[in-house]
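Single-structure report; data block below.
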2 protein chains.
Amino acid sequence: MTAHPAGPDELDFLSFVDFAVTKTTSELGAVDPEAMRLVLTLHRLTSALVYDLESAVHRPRGLSWPGFRVLFVLWLAGPLESKRVAQLSGMSRAAVSALVNTLEKAGLVERRQAEHDRRAVLLSLTEAGHDTITQDYQAHNEREQAWANTLSPDERTTLIGLLHKLMTGAAAADAKRRF
Amino acid sequence: MTAHPAGPDELDFLSFVDFAVTKTTSELGAVDPEAMRLVLTLHRLTSALVYDLESAVHRPRGLSWPGFRVLFVLWLAGPLESKRVAQLSGMSRAAVSALVNTLEKAGLVERRQAEHDRRAVLLSLTEAGHDTITQDYQAHNEREQAWANTLSPDERTTLIGLLHKLMTGAAAADAKRRF
DNA sequence: AGGAGATAGTCAAAGCTTTGATCAAAGGAG
DNA sequence: CTCCTTTGATCAAAGCTTTGACTATCTCCT
């Protein structure tokens, strides 16, 4: 993938993928280098993307990445039971509970008891929360566009399709998940 | 993307992507739905993948996901300065420092002073660390293969190419990063 | 109706993350 | 050679994460 395979001293976060694939296959034999490269690249790209979005968009506006995710879910689908927020945002129920403590103190989210089930807690955005996520998501999407514009429209469509296929495939179906 | 667009009550982690894209564009107007779908899908897929690998492969063998990443880097490119481990594994130096405390207690990693620079700390695997990562990575790669086999060889190649392009593109170059 | 079992939310402990401060050591300029 | 700046590692505080335990509540079966 690179012109000149780098030695251990000139590696960086990106070129480490090539290095790792080469070195591992020569060392272990029974590995599938394409599967390795796929997962490594996917993980590194996503890390870089999330780091960029969090530090360039959300932190400057006072939100953490997890805080953004909860607000985003409540914005689009709220009010929701705490359980549903956990499902839709991909966190554990305990994580949502802890996070909502912070968001509640910040005046962005409200907790109230559900009517039909006294165990359940209904979460909703406050007006401040609604304003925050509306503006924040605006900036978020602009940054998303900057990333997405690296690819042509066809490439974007292809990529989304492949990611979707991977997400709905057999391995994903067997995968350990939170729910 | 789905046959029948789900209402807020029947959503799950995956179908939320469709719902979010539809709802946001109708609510905000100025968003790019494809960029949104791309980032949302990428993030959710990667989360699911990492969760699966961590809980099915690494935790049962006594490693955390971050611990695995550090061991993996040291296995292939070690011994390395602490700084380099941070770069190659994509963590902050402080995170590596804290994590190595744990790995050192577990007898998997050794710290020693570098010769040429008395500020620097050289990290290397112990023999137990080497054995651990060798076996652990074996299982890791088998699980990677299960995921990757959802796609045909051509699809895998295409996907890797597109991810790589995104990773090296203009937005990635401007992106806020740790280094 | 009564009791067993499942479910919602929270708490606690432990670990990992971040940023910013601190300290020691190295490098460069005068 | 000395001062100033930069750099490597660690620490501290705050936040988020996980699993597992616990309480309250609901549901279902007899």
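All chains are named by letter (A, B, ...) in the order of the sequence lines, taking the proteins before the strands, and each is independently numbered beginning at 1.
- Comparing atom distances between the A:Arg93 side chain and each of D:dT17, C:dG9, D:dC16 picks out C:dG9 as nearest.
- The distance from atom NE2 of B:His58 to atom C1' of D:dT18 is 16 Å, rounded to the nearest whole Å.
- Contact annotation: A:Ser64 reaches the phosphate of D:dC16 (side-chain N/O to OP1 or OP2, under 4.0 Å).
- Dashed line: the shortest gap from a side-chain N or O of A:Ser92 to OP1 or OP2 of D:dT18 is under 4.0 Å.
- Evaluation of the salt bridge (charged side-chain N to carboxylate O under 4.0 Å, His left out) test over residues 98-111 of chain B, restricted to residues two or more places apart or in two chains, returns B:Glu104-B:Arg111.
- Taking both residues in full, the closest heavy atoms of B:Gly107 and B:Thr126 are given as O-OG1, 2.6 Å, listed atom of the first, atom of the second, then distance.
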Between the protein and nucleotides 23-28 of chain C, which nitrogen or oxygen pairs come in under 3.5 angstrom?
unit_1 : atom_1 : unit_2   : atom_2 : d
C:dA25 : N3     : B:Arg119 : NH1    : 3.4
C:dA26 : OP1    : B:Arg118 : N      : 3.2
C:dA26 : OP2    : B:Arg118 : NH2    : 3.1

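- Annotation: the span from A:His164 atom NE2 to B:Thr41 atom OG1 amounts to 7.0 Å, rounded to 0.5 Å.
- When rounded to the nearest whole Å, the span between CE of B:Met91 and P of C:dC16 equals 9 Å.
- Among the atoms of the strands shown, none is found under 4.0 Å from any heavy atom of A:Ala114.
- B:Leu80 has its CG atom 11 Å from the P atom of D:dA9, to the nearest Å.
- Screening A:Gln138, A:Glu144, A:Arg143 for a side-chain hydrogen bond (donor to acceptor under 3.5 Å, both in side chains) with A:Asn141, the sole residue that qualifies is A:Glu144.
- B:Leu103 has its CG atom 11 Å from the C1' atom of C:dG15, to the nearest Å.
- The nucleotide whose nearest atom lies closest to any side-chain atom of B:Ala120 is, among D:dT17, D:dG8, D:dG20, D:dG8.
- Look at B:Arg111 and you'll find a side-chain N or O under 4.0 angstrom from OP1 or OP2 of D:dT10.
- Nearest nucleotide to the side chain of B:Ser82, out of D:dA9, C:dA12, C:dT19: D:dA9.
- In this structure, B:Leu63 atom CG and D:dT18 atom P are separated by 18 Å, rounded to whole Å.
- Under 4.0 angstrom from either OP1 or OP2 of D:dC16 there lies at least one side-chain N or O belonging to A:Thr102.
- Between the P atom of C:dC16 and the CZ atom of B:Arg59 lies a distance of 7 Å, rounded to the nearest Å.
- If you take CD of A:Glu115 and P of C:dA8, they are 18 Å apart, rounded to a whole angstrom.
- In the model, B:Asp12 has a side-chain atom that pairs as donor or acceptor with a side-chain atom of B:Ser15 under 3.5 Å.
- Between A:Gln113 and A:Leu99, the residue anchored closer to the 5' end of DNA chain D is A:Leu99, taking for each the nucleotide with the nearest heavy atom.
- Closest heavy-atom contact between A:Leu40 and A:Ala20: CD2-CB, 4.1 Å.
- Considering only residues two or more places apart in sequence or on other chains, B:Phe68 meets the ring pair (Phe, Tyr, Trp, His ring centres under 6.0 Å) condition with B:His58, B:Trp65, B:Phe72, B:His140.
- Taking atom CD of residue A:Glu54 and atom C1' of nucleotide C:dT18, one finds them 8 Å apart after rounding to whole Å.
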